[in-house]
Participant: 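One structure follows; several queries about it will come next.
Because only heavy atoms are used, hydrogens play no part in the values below, and waters and symmetry mates are left out as well, while side chains stay in. Just so it is clear, the model here is predicted, and its values are computed rather than measured. Residue numbers count from 1 along this sequence.
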Amino acid sequence: MGPDRSKWSLKDVGKRNRYLVKATTDAPNMITDPILPAMLSSPEHTLRDVIDIFKGMVFRP
């Protein structure tokens, strides 16, 4: 990757972001902590909506 971020590829940026997520243990998981409960209790979202949204998300460790 190197120190010059302007030369990073999209793959490099994704790799760095995945490392940062793994390294940050005290931050909440923004999907399962606030968003999922909010969507499940929302009168505007059905369970099918929630399932469809999570199917569209790609989680890579």
Participant: The criterion is side chain to side chain donor-acceptor pair (under 3.5 Å); which residues satisfy it with Ser9, sequence neighbours excluded?
Facilitator: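 Applying side chain to side chain donor-acceptor pair (under 3.5 Å) to Ser9 gives Asp12.
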
Participant: Check Glu44 against Asp49 and note the closest heavy-atom contact, atom names and distance.
Facilitator: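 Looking at all heavy atoms of both residues, the shortest contact is O-OD2, 3.9 Å.
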
Participant: Listed by chain and number, what are the side-chain contact (heavy atoms from CB on, under 4.5 Å) partners of Arg48, not counting sequence neighbours?
Facilitator: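 Arg48 satisfies side-chain contact (heavy atoms from CB on, under 4.5 Å) with Thr46, Ile51, Asp52, Lys55 once adjacent residues are dropped.
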
Participant: Could you tell me which residues satisfy side-chain contact (heavy atoms from CB on, under 4.5 Å) with Asn17, sequence neighbours excluded, listed by chain and number?
Facilitator: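 Applying side-chain contact (heavy atoms from CB on, under 4.5 Å) to Asn17 gives Val13, Leu20.
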
